[in-house]
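Ligands are counted one by one from 1 in listed order, and the atoms in each one are counted from 1 as well.
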Amino acid sequence: MNHSDPREEIKGLLREGDLRSLLIQAASLHGHYCPGLAYGVKAGHVGLSRLGLDNTGMEELIAVVECNNCFVDGVQMSTGCSIGNNALVYKDLGKTAVTILSRRTKAALRIVLKPRRWEAETLSDREKEARDLFRRVVKERQDDPEAARRMRELWVELSFETVEKPAEDLFDVHEVPAVFPEYAPIFDSALCSACGEELMETRAALRAGEPTCLACAGEDCFAVLGRGIRILAGGALR
Ligand SMILES: [Zn+2]
Ligand SMILES: [Zn+2]
């Protein structure tokens, strides 16, 4: 095990185009196989193949995703840009799209799933079956274990097939101007005057002149929910 580059194995898979193995790694994070995850893995491969595979998670590569669905976990695994290393920017636009930017090459690519893909006449019978099962099992939350089992089975098959499809069948890819976000700033810490927990100074409210965390102060805060970025009134999930 080479500790100097923890992404060596993933880089090897990207270099060889072994997206099936990369999909397995992504699914270990994501919890299941699904077409969205496969699109994310594939999009990451498209981007890094053209921008360079190296990524030490120090913001030299940035992925700007435009949704918070399964796609993003595929992107995080294949690009190494994650919410935790500040190299994943989430724009709440509700599109299955990612822009990957390289500070090294000063280049950027926007990769977006072709529109109406799941309504196309060119879908295979299994894709149509998976689409209809998704509507029943996930969207309408029908309690049908056999339908759920069949959907998962199809998702496994379809996601392994998806990562091997030609990228041009799945995505529109464009070079775009490379506009970088600032490097994640490092802020001082403060102690909450009520709960005593440590927090980023910039997140503290003032209560009687004392720094107080938003939770103790009962202030609104932002949260990423299934619906996207939302303000939580009083910090409550309700
Ligand atoms: Zn998924
Ligand atoms: Zn507190």
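Atom NE2 is the N/O/S atom of H32 found closest to the Zn ion (ligand 1).
Taking the Zn ion (ligand 1) as the apex, the angle formed with NE2 of H30 and SG of C34 is 110°, to the nearest 10 degrees.
Take the Zn ion (ligand 2) and draw a sphere of radius 2.8 Å; the protein N/O/S atoms inside it number 4.
Formation of a donor-acceptor pair under 3.5 Å by the K42 side chain with backbone atoms of K165 is found in this model. Panel note: side chain N85, backbone G80; a donor-acceptor pair is recorded below 3.5 Å. A distance-only check finds a donor-acceptor pair linking the side chain of D92 to the backbone of I229 [under 3.5 Å].
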Check the pair R207, E210 against salt bridge (Lys or Arg N to Asp or Glu O under 4.0 Å), reporting the backbone distance first and the verdict last. CA-CA 5 Å; R207 286 289 176 275; E210 297 292 330; over 6 Å; no

Using salt bridge (Lys or Arg N to Asp or Glu O under 4.0 Å), reason through R203 and E219 one step at a time and then give a plain yes or no. CA-CA 11 Å; R203 284 294 173 282; E219 295 263 354; over 6 Å; no

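Placement of V173 and Y39 within a single hydrophobic cluster is found when ILVMFWY residues are connected by side-chain heavy-atom separations under 4.5 Å, directly or transitively.
Counting only heavy atoms from C-beta outward, the side chains of P211 and E201 never approach each other to under 4.5 Å.
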